[in-house]
Amino acid sequence: MDYQKTAADVAQKILSYSQDTSGWKVSKSTKNIVVSWKPSKEYSGNIYRGEGIIEETPEKLVPFLYLAEYRSKWDKALQFYDILEHIDKDTVICHSISHSYGMGLISSREFIDLVHIKRYDEGVITTNSISVDYAGCPVSSSHVRGFNNPCGYVCSPLPENPEHSKLVVFIQPELGGLLPRSLVETALPNNVFNLIKDTKEGVKKLLP
């Protein structure tokens with residue numbers, strides 16, 4: 001696989017998602033976090049978008065979001081997270097295993113993802129991910145292997161306070177297994193919501 005080309009393609013998709021303002025339907029909202037969805041163009045399910053404000057700059061927030069020394073400590077949805085390989089300074093292969101969802105109705109899932117970091121003008125930084133086959137970590141019977149369609153984080157400095165970031169999350173995972181669609185569509189918005197909440201809490205605890 002040409003990892004650089006795949007990474008560039010995914011980065012373009014994440015950028016286009018962030019610029020797409022039409023058709024999103026709010027599924028969960030509080031004062032500080034909004035989660036919305038629309039039908040995905042990548043698979044038969046939905047793409048989910050979460051938005052929140054994080055009290056950190058994009059330059060510090062992005063490593064916090066994907067490096068194992070941080071992610072393994074703050075992301076409560078994961079029981080395991082590690083980087084398997086550094087492709088280049090901005091591109092890695094990650095291995096993650098989730099906890100079960102929905103009171104155990106959705107068992108733990110395993111993902112192998114290509115993750116690429118891309119910087120844009122005006123301080124915007126994105127993480128851009130997609131699941132890949134990786135010889136060093138073949139499918140096992142221990143966990144159901146999920147597949148992440150193009151997903152990622154868009155971190156932008158707040159115009160009124162550049163020391164803080166607007167974080168926009170996009171996910172569209174295929175969880176695998178025989179799961180009722182209604183169960184998946186209930187679990188995933190909560191997952192996005194909790195991801196942003198855990199990021200907020202983790203930044204305050206773990207970053208000086």
**Student:** Please assess Y153 against L195 for the test side chain to side chain contact (heavy atoms under 4.5 Å, CB included), listing each intermediate value before the final yes or no.
**Tutor:** CA-CA 11 Å; Y153 310 125; L195 175 73; 3.6 Å; yes
**Student:** Hydrophobic cluster membership, with links at side-chain heavy-atom distances under 4.5 Å among I/L/V/M/F/W/Y: are L167 and I33 in one?
**Tutor:**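 In one cluster with L167: I33, yes.
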**Student:** Once rounded to the nearest 0.5 Å, what's the spacing between atom CD1 of I97 and atom OG of S142?
**Tutor:**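 Those atoms lie 8.0 Å apart.
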**Student:** Who clusters with V144? Use side-chain heavy atoms, under 4.5 angstrom, across I, L, V, M, F, W and Y, and order the result by chain and number.
**Tutor:**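 Joined to V144, directly or through intermediates: none.
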**Student:** With Y17 as reference, evaluate Q172, Q12, K38 under the side chain to side chain donor-acceptor pair (under 3.5 Å) test and give the passing residue.
**Tutor:**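 Passing option: Q172.
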**Student:** To the nearest 0.5 Å, what is the distance between CD1 on I117 and OG1 on T126?
**Tutor:**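 One finds 7.0 Å between CD1 of I117 and OG1 of T126.
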**Student:** Please determine whether the number of non-hydrogen atoms from other residues, nucleotides or ligands lying under 6.0 Å from atom CG of D133 exceeds 12.
**Tutor:**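 Count not over threshold, so no.
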**Student:** Is K13 salt-bridged to D9, cutoff N-O under 4.0 Å?
**Tutor:**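 No salt bridge links K13 with D9.
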**Student:** Using the ring of Y70 (Phe, Tyr or Trp, six-membered ring only), decide whether K73 places NZ or CZ under 6.0 Å from its centre and within 45 degrees of its axis.
**Tutor:**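 No; the conditions do not both hold, so K73 does not lie above the ring face of Y70.
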**Student:** For a quick test of reading the model, state the closest non-hydrogen atom pair linking F64 to V203 and the distance between them.
**Tutor:**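 Here F64 and V203 meet closest at CZ-N, 3.4 Å.
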**Student:** Any donor and acceptor pair, going by atom type alone, linking the side chain of H164 with main-chain N or O of E56 inside 3.5 Å?
**Tutor:**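 Not a single qualifying donor-acceptor pair exists.
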**Student:** Quick one about Y3 and E85 (side-chain donor to acceptor, distance below 3.5 Å, no hydrogens or angles considered), yes or no?
**Tutor:**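 No.
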**Student:** Is I130 reachable from Y43 through a run of I, L, V, M, F, W or Y residues, each pair having side-chain heavy atoms under 4.5 Å apart?
**Tutor:**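 Not linked; separate clusters.
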**Student:** Do the side chain of D82 and the main chain of L84 share a donor and acceptor less than 3.5 angstrom apart?
**Tutor:**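 No.
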**Student:** Do L175 and F111 have side chains that get closer than 4.5 Å, going by heavy atoms?
**Tutor:**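 The answer is yes, as the side chains (C-beta and beyond) meet within the 4.5 Å cut-off.
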**Student:** Please report the interatomic distance CG(L158) to CD1(I54), rounded to the nearest 0.5 Å.
**Tutor:**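 Between atom CG of L158 and atom CD1 of I54 there are 10.0 Å.
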**Student:** Which atom pair, heavy atoms only, marks the closest approach of R49 to S18?
**Tutor:**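 Here R49 and S18 meet closest at NH1-O, 4.1 Å.
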**Student:** Could you go step by step and tell me if L65 and T199 meet the side chain to side chain contact (heavy atoms under 4.5 Å, CB included) rule?
**Tutor:** CA-CA 8 Å; L65 290 169; T199 301; 3.9 Å; yes
**Student:** More than 12 heavy atoms of other residues, nucleotides or ligands under 6.0 Å from CD of E122: yes or no?
**Tutor:**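 Not buried by this count: 12 neighbours or fewer within 6.0 Å.
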**Student:** Work out which heavy atom in E51 is nearest to a heavy atom in I196; give both atom names and the distance.
**Tutor:**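 Looking at all heavy atoms of both residues, the shortest contact is N-CD1, 3.5 Å.
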**Student:** Would you say the side chain of H95 lies within less than 4.5 Å of the side chain of F80, judging by non-hydrogen atoms?
**Tutor:**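 With C-beta onward as the side chain, the pair touches.
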**Student:** Tell me, with the steps shown, if K200 and N32 meet side chain to side chain contact (heavy atoms under 4.5 Å, CB included).
**Tutor:** CA-CA 10 Å; K200 286 173 172 280; N32 299 312; 4.1 Å; yes
**Student:** Are more than 12 heavy atoms, taken from residues, nucleotides or ligands other than K166, located less than 6.0 Å from that residue's NZ atom?
**Tutor:**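 No.
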**Student:** Following the transitive rule for hydrophobic clusters with a side-chain heavy-atom cut-off under 4.5 Å over Ile, Leu, Val, Met, Phe, Trp and Tyr, establish whether L15 and Y48 coincide in one cluster.
**Tutor:**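 Unlinked, L15 and Y48 end up in two clusters.
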**Student:** Which residue, N191, V184, I47, L188, forms the side chain to side chain contact (heavy atoms under 4.5 Å, CB included) with P173?
**Tutor:**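 Of the listed residues N191, V184, I47, L188, the side chain to side chain contact (heavy atoms under 4.5 Å, CB included) partner of P173 is L188.
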**Student:** In terms of hydrophobic clustering (I, L, V, M, F, W, Y; side-chain heavy atoms under 4.5 Å; direct or indirect links), are F147 and V139 co-clustered?
**Tutor:**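 They do not share one cluster, since no chain of ILVMFWY contacts under 4.5 Å joins F147 to V139.
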**Student:** How long is the gap from CZ on R181 to OG1 on T186, to the nearest 0.5 Å?
**Tutor:**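 Nearest 0.5 Å value for the CZ-OG1 distance: 12.0 Å.
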**Student:** Less than 3.5 Å apart, any donor N or O on the side chain of H116 or Q4 sitting next to an acceptor on the other?
**Tutor:**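 No, no side-chain donor-acceptor contact under 3.5 Å.
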**Student:** So, E59 and R119, do they make that salt bridge, N to O below 4.0 Å?
**Tutor:**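 Looking at E59 and R119, the cut-off is met.
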**Student:** Can you see which heavy atom on E110 is nearest to which on C137, and at what distance?
**Tutor:**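 Scanning both residues, the minimum pair turns out to be OE2-SG, 4.2 Å.
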**Student:** Stepwise, does the side chain to side chain contact (heavy atoms under 4.5 Å, CB included) test hold for I112 with I93?
**Tutor:** CA-CA 7 Å; I112 306 295; I93 303 288; 3.8 Å; yes
**Student:** Is it the case that the side chain of D75 and the backbone of R71 share a donor-acceptor pair, with hydrogens and angles ignored and the cut-off at 3.5 Å?
**Tutor:**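 Absent.
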**Student:** Distance from F170 atom CZ to N128 atom CG, nearest 0.5 Å?
**Tutor:**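 Spacing of CZ (F170) from CG (N128) equals 11.0 Å.
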**Student:** Examine distances only and state if a side-chain atom of S98 and a backbone atom of R109 form a donor-acceptor pair shorter than 3.5 Å.
**Tutor:**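 Confirmed, S98 side chain pairs with R109 backbone.
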**Student:** If you group Ile, Leu, Val, Met, Phe, Trp and Tyr by side-chain heavy-atom gaps below 4.5 Å, do I87 and V10 land in one group?
**Tutor:**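 I87 and V10: one cluster.
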**Student:** If you take all heavy atoms of S156 and P58, which pair is closest and at what distance?
**Tutor:**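 Shortest heavy-atom separation between S156 and P58 comes out as C-CG, 3.8 Å.
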**Student:** Considering all heavy atoms of both residues, which atom of C155 and which atom of L61 are nearest to each other, and what is their separation?
**Tutor:**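 Between these two residues, the closest heavy atoms are SG-CD2, 3.8 Å.
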**Student:** Quiz question: by atom type and distance under 3.5 Å, do the side chains of S40 and N46 form a donor-acceptor pair?
**Tutor:**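 The criterion, which ignores hydrogens and geometry beyond distance, is not satisfied for N46 and S40.
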**Student:** State, with a plain yes or no, whether a side-chain heavy atom of V26 is found less than 4.5 Å away from one of W24.
**Tutor:**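 Side chain of V26 against side chain of W24, heavy atoms only: no contact under 4.5 Å found.
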**Student:** State the CD1-CG distance between I171 and N149, to the nearest 0.5 angstrom.
**Tutor:**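 Rounded to the nearest 0.5 Å, the CD1-CG separation comes to 11.0 Å.
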